[in-house]
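For the numbers below, each heavy atom of this structure counts, side chains included, while hydrogens, waters and symmetry mates do not. All values derive from a computational prediction rather than experimental measurement.
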Amino acid sequence: MTLLGAGRIRELAQALDLKPSKSLGQNFVIDPNICTKIVRIAQVNADDIALEIGPGLGSLTLALLEAAASVIAVEFDERLATQLPITVAHHFEHPENLIVINQDAMGLHSLPIQPSVLVANLPYNVSVPILLELLERFPSLRTGVVMVQAEVADRLAGRPGTKEYGIPSLKAAWWASVKAAGSISRSVFWPAPNVDSKLVSFTRRDTPGDERLRIKTFALIDCAFAQRRKMLRSALSPIFGSSSAAEEILIRAGIDPTLRGEALEILDFCAIATAAPRDFLSKEL
Ligand code: SAM
């Protein structure tokens with residue numbers, strides 16, 4: 001197996017007459033050591049079925065194929081999705097271990113086999129919704145490592161009380177424990193992006209409740225952070241009708257109504273959802 005270096009990436013791009021698309025976040029990794037490192041951090045092993053979103057020209061895909069039993073690669077760009085099996089067949093002796101799906105990962109509802117690990121250099125403009133959707137739709141995904149824009153990584157792995165903490169931190173925490181897993185230099189990409197990149201790793205955990213509770217909890221999180229500088233009793237008044245109604249529910253949930261959303265953990269938002277009237281989202285549910 002030879003991984004793809006800068007020269008081979010440029011050759012492939014030239015052969016496809018590929019002008020990397022900004023809107024699709026096409027910044028390709030040209031340093032094979034980074035791909036090996038990501039696969040190592042993700043602890044991918046020979047039993048794993050790896051899911052990769054946005055394989056691009058295949059740098060990370062090849063490193064994944066070397067470690068996993070098989071790789072499912074979901075690529076939106078048709079030219080890249082068509083080229084990928086050809087590239088893999090040139091560089092890897094078991095190209096049959098790769099399944100390529102030419103589809104938008106947003107709205108991916110089913111896969112031919114159930115993946116165990118997510119490893120991806122995600123398209124940056126849609127990284128949070130893709131990650132949250134995958135965690136929701138594919139419970140077989142137990143662990144993963146994703147590369148995202150540095151600020152997004154900080155938000156996903158944010159701790160309560162910090163300025164990074166917010167909607168992505170709390171929603172990701174419903175599904176998994178998320179940790180920072182290192183910075184990536186701009187120089188490992190072609191073209192070099194104009195933002196910094198970081199890795200985050202996640203390990204799935206038991207969710208705090210069922211789907212009904214999740215929908216209510218997520219609605220409360222969205223409402224609390226729509227006006228994040230406000231105390232919870234006024235930030236949650238749109239959803240409960242008034243700040244006095246919100247205050248009553250917060251007290252019943254054991255939460256100080258003068259706190260801001262950024263002080264609360266996911267279980268605190270679940271407690272508010274549980275203390276709220278049963279039908280508080282009835283129109284939406
Ligand atoms: N994994 C490759 C690498 O590290 O070199 C490429 C990563 S590049 C940051 C993001 C990739 O995601 C591109 O190949 C792009 O075409 C693809 N992409 C963008 N939006 C997508 C979407 N909604 N669904 C699936 N793939 C997408």
Side-chain angles (χ1 to χ4, degrees), residues 124-136 144 146 148-181 183 195-196 198-285:
Y124 286 3
N125 51 349
V126 284
S127 55
V128 172
I130 287 183
L131 179 61
L132 292 176
E133 280 194 8
L134 294 174
L135 284 166
E136 179 184 341
V146 292
V148 293
Q149 186 177 335
E151 290 77 9
V152 172
D154 294 343
R155 279 183 216 136
L156 283 167
R159 303 305 313 145
T162 63
K163 68 175 185 348
E164 291 80 18
Y165 189 67
I167 296 174
S169 341
L170 278 154
K171 290 188 177 175
W174 173 276
W175 304 109
S177 151
V178 181
K179 290 200 186 104
S183 301
V195 294
D196 291 321
K198 284 187 180 174
L199 300 172
V200 291
S201 66
F202 68 83
T203 306
R204 189 183 282 276
R205 61 175 178 219
D206 289 341
T207 57
D210 61 12
E211 187 58 7
R212 217 178 150 76
L213 182 70
R214 184 186 70 78
I215 291 169
K216 290 178 173 183
T217 304
F218 279 23
L220 288 167
I221 293 168
D222 288 335
C223 192
F225 284 89
Q227 303 178 85
R228 74 176 281 154
R229 302 310 302 158
K230 285 201 174 172
M231 291 178 192
L232 282 166
R233 68 178 169 216
S234 41
L236 295 182
S237 65
I239 216 166
F240 292 131
S242 69
S243 54
S244 59
E247 177 156 354
E248 201 179 299
I249 292 160
L250 285 160
I251 291 169
R252 209 182 310 144
I255 308 291
D256 176 351
T258 65
L259 290 176
R260 297 193 179 108
E262 65 200 29
L264 269 52
E265 308 236 15
I266 185 69
L267 290 180
D268 299 321
F269 277 102
C270 294
I272 305 170
T274 305
R278 285 182 68 82
D279 61 347
F280 87 98
L281 283 184
S282 55
K283 287 191 205 79
E284 287 86 346
L285 288 178

Working for side-chain contact (heavy atoms from CB on, under 4.5 Å), residues D154 and K198: CA-CA 8 Å; D154 294 343; K198 284 187 180 174; 2.9 Å; yes
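- Taking CG of L156 as the start and CD of E151 as the end, the distance is 12.0 Å to the nearest 0.5 Å.
- For the pair R233 (side chain) and T258 (backbone), a donor-acceptor distance under 3.5 Å is absent.
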Criterion salt bridge (Lys or Arg N to Asp or Glu O under 4.0 Å) on D210 and K216, from CA distance to verdict: CA-CA 10 Å; D210 61 12; K216 290 178 173 183; over 6 Å; no
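- Between R204 and L135, some side-chain heavy-atom pair lies under the 4.5 Å cut-off.
- Using modelled atom types, no side-chain atom of S234 and backbone atom of K230 make a donor-acceptor pair closer than 3.5 Å.
- The distance from the CZ atom of R159 to the OH atom of Y165 is 6.5 Å, given to the nearest 0.5 Å.
- Residues R155 and E164 share a closest heavy-atom pair of CG-O, 3.3 Å.
- Ring geometry for F218 versus W174: interplanar angle over 60°, hence perpendicular rather than tilted (30 to 60°).
- With R214 contributing its side chain and P208 its backbone, the two residues share no donor-acceptor pair below 3.5 Å.
- How far SG of C223 is from CD1 of I239: 4.5 Å, rounded to the nearest 0.5 Å.
- Side chains of Y124 and V152 form no contact here, defined as non-hydrogen atoms less than 4.5 Å apart.
- Note that CG of D268 is 9.0 Å distant from CG of L170, once rounded to the nearest 0.5 Å.
- We find the CG-CZ distance between L250 and F240 to be 7.0 Å, quoted to the nearest 0.5 Å.
- Side-chain contact between I272 and L264 is present, with at least one heavy-atom pair separated by less than 4.5 Å.
- Closest approach of A263 to P160, counting heavy atoms only: O-CB, 4.3 Å.
- When all heavy atoms are compared, the tightest approach of G261 to A224 is CA-CB, 4.4 Å.
- The shortest heavy-atom contact between R205 and S177 is NH1-CB, 3.9 Å.
- A245 and S242 get closest at one heavy-atom pair: N-OG, 3.1 Å.
- Between the side chain of D222 and the backbone N or O of A219, no donor-acceptor pair lies under 3.5 Å.
- The backbone N or O of L213 lies less than 3.5 Å from a partner atom in the side chain of T217, making a donor-acceptor pair.
- Here the side chains of F280 and L220 are in contact, with some heavy-atom distance below 4.5 Å.
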Are I255 and L232 close enough, and set up right, to give a side-chain contact (heavy atoms from CB on, under 4.5 Å), and what steps lead you there? CA-CA 9 Å; I255 308 291; L232 282 166; 4.0 Å; yes
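- Looking only at distances, a side-chain donor or acceptor of R260 sits under 3.5 Å from a matching main-chain atom of R229.
- To the nearest 0.5 Å, the span separating CD1 on I266 from OG on S169 amounts to 10.0 Å.
- Looking at heavy atoms from C-beta onward, I251 lies in side-chain contact with P257 at the 4.5 angstrom threshold.
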